[in-house]
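Heads up, the thing below is written out as structure tokens.
Position 1 is the first residue of the sequence; numbering continues from there. Computed from a prediction, not measured in an experiment: that's the story for all the values here.
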Amino acid sequence: MSFPLLTATAVLPALGAIATAAVPAAQRVAAKWLALLVSLGTLALAAVTLVRFDPGGDRYQLTESHAWIPDFGVRYQLGVDGIGVALVALTALLMPFVILAGWHDADPMETGSKRWRPTQGFFALILAVEAMVIISFEATDVFLFYVFFEAMLIPMYFLIGGFGDRAHEHGDEAAATQRSYAAVKFLLYNLVGGLIMLAAVIGLYVVAGSFSLQEIVQARADGSLHMATSTERWLFLGFFFAFAVKAPLWPLHTWLPNAMGEATAPVAVLITAVVDKVGTFAMLRFCLQLFPEASKWATPAILVLALISIVYGALLAVGQRDIKRLVAYASISHFGFIILGIFAMTTQGQSGATLYMVNHGISTAALMLVAGFLISRRGSRLIADYGGVQKVAPVLAGTFLIGGLATLSLPGLAPFVSEFLVLVGTFTRYPVVGIIATFGIVLAALYTLVLYQRTMTGPVKASVAEMPDLRVRELLVVAPLIALLIFLGVYPKPLTDIVNPAVQQTMSDVHKTDPQPEVEAAK
């Protein structure tokens with residue numbers, strides 16, 4: 001038996017979470033280092049997975065399959081395609097930076113404080129989320145995917161509700177109430193989506209007699225499984241609703257600004273750069289592959305919702321006074337682009353959407369973590385409390401600017417390639433939709449540059465006059481992310497080579513081909 005690489009990549013952070021939680025209370029520093037080492041070990045395993053993956057090979061590789069609940073046909077079944085392996089690598093890549101950035105986020109509030117923040121629990125929960133997200137990207141059994149799709153909500157609930165943003169924490173009950181509200185809202189929205197999906201999962205098993213993604217797709221391809229049109233559409237809606245909540249897609253997005261606003265910056269990165277990607281990934285893996293006809297049937301409505309997300313999220317970002325909520329609404333706009341690319345049903349659109357998932361994860365991590373460093377220095381999330389930071393902390397301001405420029409998809413930075421492919425892929429099939437979506441780019445430039453101008457330029461405010469620049473630990477967090485943004489912006493080929501074969505196979509599943517350009521015959 002070959003080494004179970006996919007299982008090891010998910011199990012290592014799970015075991016690390018248990019070990020970190022078991023570290024004695026007085027050994028907070030040891031818990032931090034253990035969590036960091038585990039995340040680096042997971043990154044090494046993900047790198048091996050990426051190297052061993054052959055883009056020209058079978059669709060699902062490094063597969064594992066074992067009986068789990070035989071009486072109900074449930075198997076522990078794993079495998080990665082080009083899309084899944086890219087997102088596993090993204091998750092493992094971001095975790096060491098999340099842990100380093102949150103190094104002091106769960107320390108005691110003050111020396112001798114009786115309000116001890118459980119440092120071990122904080123880092124254990126982060127590792128638990130990593131394990132659950134990775135196995136969600138690897139699962140090819142629908143029931144196995146559902147279990148971890150829902151299970152990751154529990155550690156996220158405690159990370160949001162139990163470890164709030166210190167810039168908004170003054171020992172009063174109001175901050176705790178807002179954190180609790182954000183955590184409960186996050187949990188309830190996603191639980192409702194998950195319960196609807198559970199009904200659809202059960203319905204799928206009744207119709208197909210299996211939870212195996214490959215078996216169901218193959219049975220549909222060879223004609224041995226036929227779904228009635230109405231049945232397929234209802235099942236599709238059950239799956240899509242849960243994924244749209246997780247993504248999040250308008251109008252199911254309202255939990256995200258609350259959750260990101262009240263969470264610490266590293267946890268906010270976990271939410272939008274890692275956990276939310278499970279929703280858009282699942283649209284590609286499950287909605288399109290299991291329900292191809294229903295996916296095409298629902299495409300017009302989904303494109304409208306994606307357009308609303310793009311413009312609505314960007315407009316609200318323009319009007320924000322809170323830095324973290326601005327990034328949250330910007331992410332809603334970006335997720336609109338991802339979903340637009342998926343349901344444009346073109347290879348350019350879906351390749352762009354997959355690249356966008358990866359590049360958005362890196363760019364949002366860079367911007368949000370630098371914003372977290374900024375907020376921790378001033379103790380405020382309000383844009384109006386800043387001004388002239390670039391004169392006293394030029395490195396912080398410079399990294400903040402690059403993160404912001406990546407957010408607005410500046411050419412030469414990674415998100416530009418993704419957004420360009422999404423718009424090209426959309427325009428070739430739905431030109432009006434593609435034209436309207438471009439307004440999101442204009443609005444992104446507006447909210448990003450206004451944010452930078454109001455916080456970093458102008459006269460130095462007294463409250464930031466003594467602000468220190470980035471420290472060594474903070475540079476170790478930000479510099480690799482910026483380097484990746486530049487590298488993938490200039491040379492995205494390593495990523496596209498992995499992703500494109502999987503996209504071609506997904507297009508084949510939904511029986512779609514790219515529209516041919518209309519070329520006027522030469523006279």
For Phe149, all residues meeting ring-ring contact (aromatic ring centres under 6.0 Å, His included), sequence neighbours excluded:
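Phe145, Phe243.
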Tell me, please, which residues at least two apart from [X] pass salt bridge (Lys or Arg N to Asp or Glu O under 4.0 Å).
X: Arg52; answer: none
X: Asp81; answer: Arg285
X: Glu232; answer: Arg220

Quick check against the 3.5 Å criterion: does Ser351 have a side-chain atom that pairs as donor or acceptor with the backbone of Asn500?
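Absent.
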When you measure from the side chain of Thr299 to the backbone of Ser295, do you find a donor-acceptor pair of N or O atoms at a distance under 3.5 Å?
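Yes: the side chain of Thr299 pairs with the backbone of Ser295.
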Are more than 12 heavy atoms from other residues, nucleotides or ligands located less than 6.0 Å from atom [atom1] of [X]?
X: Trp68; atom1: CH2; result: yes
X: Phe427; atom1: CZ; result: no
X: Tyr76; atom1: OH; result: yes
X: Tyr60; atom1: OH; result: yes

Under the side chain to side chain contact (heavy atoms under 4.5 Å, CB included) rule, collect the residues that match up with Asn258, sequence neighbours excluded.
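Applying side chain to side chain contact (heavy atoms under 4.5 Å, CB included) to Asn258 gives Tyr181, Ala182, Lys185, Arg325.
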Residues two or more places apart in sequence or in another chain: which of them pass side chain to side chain donor-acceptor pair (under 3.5 Å) with [X]?
X: Thr91; value: none
X: Asp497; value: Lys493
X: Ser363; value: none

Side-chain contact test, heavy atoms from C-beta onward, threshold under 4.5 Å: evaluate it for Val245 versus Trp255 and give yes or no.
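Yes - at least one pair of side-chain heavy atoms lies under 4.5 Å apart.
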Compare all side-chain heavy atoms of Pro257 with those of Ile332 and state whether any distance is below 4.5 angstrom.
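Side-chain contact under 4.5 Å: yes.
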Report the C-alpha separation of Glu419 and Asn359 in whole Å, then their side-chain angles, then the decisive distance to 0.1 Å, and conclude whether the side-chain contact (heavy atoms from CB on, under 4.5 Å) test is met.
CA-CA 10 Å; Glu419 203 162 277; Asn359 294 333; over 6 Å; no
Apply side-chain contact (heavy atoms from CB on, under 4.5 Å) to Val129 and Met156, showing your working.
CA-CA 7 Å; Val129 172; Met156 285 306 307; 3.6 Å; yes
Can a donor-acceptor pair be found between the side chains of Ser39 and Glu130 at a distance below 3.5 Å?
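No.
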Decide whether Thr428 and Thr346 meet the rule of one side-chain donor and one side-chain acceptor closer than 3.5 Å.
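Their side chains do not contain a donor-acceptor pair, so the 3.5 Å distance test is not met.
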Say you draw a straight line from [atom1] of [X] to [atom2] of [Y]; how long is it, rounded to the nearest 0.5 Å?
X: Leu488; Y: Phe416; atom1: CG; atom2: CZ; answer: 14.5 Å
X: Gln214; Y: Gln77; atom1: CD; atom2: CD; answer: 4.5 Å
X: His334; Y: Thr280; atom1: NE2; atom2: OG1; answer: 13.5 Å
X: Ile486; Y: Leu413; atom1: CD1; atom2: CG; answer: 6.5 Å
X: Thr506; Y: Leu288; atom1: OG1; atom2: CG; answer: 7.0 Å
X: Leu369; Y: Leu367; atom1: CG; atom2: CG; answer: 9.0 Å

All N/O donor-acceptor pairs, side-chain side in residues 197-204, below 3.5 Å, sequence neighbours left out:
none

Taking the six-membered ring for Trp, are Phe281 and Phe286 parallel (under 30°), tilted (30 to 60°) or perpendicular (over 60°)?
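Geometry flag for Phe286 against Phe281: perpendicular rings.
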Identify every side-chain donor-acceptor pair in residues 40-51 under 3.5 Å, counting partners at least two apart or on other chains, and give the distances.
unit_1: Thr42; atom_1: OG1; unit_2: Val38; atom_2: O; d: 2.9
unit_1: Thr49; atom_1: OG1; unit_2: Leu45; atom_2: O; d: 2.9

Stepwise side-chain contact (heavy atoms from CB on, under 4.5 Å) test for Leu303 and Arg429:
CA-CA 12 Å; Leu303 292 179; Arg429 195 179 294 279; over 6 Å; no
Could you walk me through whether Phe335 and Ile338 pass the side-chain contact (heavy atoms from CB on, under 4.5 Å) test, one step at a time?
CA-CA 5 Å; Phe335 276 104; Ile338 294 171; 4.0 Å; yes
Side-chain polar contacts of residues 304-315 - donor-acceptor pairs under 3.5 angstrom, sequence neighbours left out - could you list them?
unit_1: Ser309; atom_1: OG; unit_2: Trp250; atom_2: N; d: 2.9
unit_1: Ser309; atom_1: OG; unit_2: Leu305; atom_2: O; d: 3.2

Does any pair with a residue in residues 206-230 pass ring-ring contact (aromatic ring centres under 6.0 Å, His included), and if so which ones, sequence neighbours excluded?
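ring-ring contact (aromatic ring centres under 6.0 Å, His included) check on residues 206-230 returns Phe143-Phe211, Tyr205-Phe211.
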